[in-house]
Amino acid sequence: MSTVPSLLTMLTELIGTPSVSCTAPHLDQSNLGVIHKLEAWLSDLGFSTEIMPLPGHEGKANLIATLGSGPGGLVLSGHTDTVPYNAERWNTDPFKLTEKDNRFYGLGSCDMKGFIAIAIEAAKHFTDQPLQQPLIILATADEESSMDGARALAEAGYPKARYAVIGEPTGLKPIHMHKGMMMEGIKITGKAGHSSDPSLGNNALEAMHSVLGELISFRQELQQNYQNSAFQVTVPTLNLGCIHGGDNPNRICGSCDLEYDLRPLPGMDIDTLREGINQRLQPVAERFGVTINNQRLFPEILPFQNDKQSELVRCAEQLTGHTASTVAFGTEAPFLQALGMDTIVMGPGSINQAHQPDEYLAMDQIRPTVDILRQLIGKYCL
Ligand SMILES: [Zn+2]
């Protein structure tokens, strides 16, 4: 007799188990509390489970839970972590699932512990019939900070199935494409000296002036070469975000830092972009006698694109009545796609409620999600 709790209890327990991931170490938490709950429920349902610790990240792990076996099958994937929160700006306790106005409030309700609970609810339906192809429920770590959970899966080379659905909040619309994101920093180191004699130093701020020009002309070149009308902003973007340098008007500026973000379209290669930028920076460094370092501030998110005619995209379009479209946020989709799976992003709730106080999942999203997931499991695993 299975002791797997009701959907409401699963939601309550997952929301009640903090699992913030953050690049700031003092806010970062383990996700093992969530992983162990999921592991217990899924093994009770008959899934075979594997907890995959993240190398180099103590207290972090992915969970791979598999029911049935075979070369095809379906992955339902969600991340176990949440973003940090500002408790004082919430009207409810972020860790207490609160039912109000036909909504479930709580940190992670739509982004995206809710989806994982719903996926398990959908799976309950299939535990007493033998599956012809595997159903894999995948719960990842650190999506909100580094995507190192998904990265570890891509490196390990599994799980492998034919299809994958990542249940990020899209209002149950299938998503087949998103941009990537690179957050980078340029550090220019020159030589400080008395302002009265320019020959006494190498001015990092003047070098930065040229670097800014190079980046803006690089952006023009990218935007001329790449467009995709499926996106609301049809071109790759490069935003100059902040700049810090120098100390006093009467000193030659010894160092200057810039941070920028670049959002490539699907089909643009991150390494090629970084190389293109470095090629433009090198001559500036030589001209000004400074050193210029271009480094990533965070691990990049790859752009994602699945064929609009793929089996899963078309099936999801049919089930939901929505044409596949694009979103402006990054996901783990490129990592699952790299494992060879026909991948879409589609889940309950709205990204508008994610990453902010009073995050909620509208209750009327739950039943349709269970239904759609059951149909997908029935189609690809039975
Ligand atoms: Zn998310």
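If you're wondering where the values come from, they're calculated on a predicted model, not measured in any experiment. Whatever order the structure lists ligands and atoms in, that order sets their numbers, starting from 1.
- Considering just the N/O/S atoms of E168, the one nearest the Zn ion (ligand 1) carries the name OE1.
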In a table with atom names and distances, give each donor-acceptor pair under 3.5 Å that connects a side chain of residues 200-207 to protein atoms at least two apart or in another chain.
{"from": "N202", "atom 1": "ND2", "to": "F288", "atom 2": "O", "distance (Å)": "3.3"}
{"from": "N203", "atom 1": "OD1", "to": "L205", "atom 2": "N", "distance (Å)": "2.8"}
{"from": "N203", "atom 1": "OD1", "to": "E206", "atom 2": "N", "distance (Å)": "3.1"}

Contacts table for residues 90-101: side-chain donor-acceptor under 3.5 angstrom, sequence neighbours left out:
{"from": "N91", "atom 1": "ND2", "to": "D358", "atom 2": "OD2", "distance (Å)": "2.9"}
{"from": "D93", "atom 1": "OD1", "to": "F95", "atom 2": "N", "distance (Å)": "2.9"}
{"from": "T98", "atom 1": "OG1", "to": "K96", "atom 2": "O", "distance (Å)": "2.9"}

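- In summary, K60 and D148 do not engage in a salt bridge, as defined by a charged side-chain N under 4.0 Å from a carboxylate O.
- D111 and H79 share a side-chain donor-acceptor pair at under 3.5 Å.
- The Zn ion (ligand 1) lies closest to atom OD1 when only the N/O/S atoms of D111 are considered.
- E143 lies apart from the Zn ion (ligand 1) in this respect, since none of its N, O or S atoms is found at a distance under 2.8 Å.
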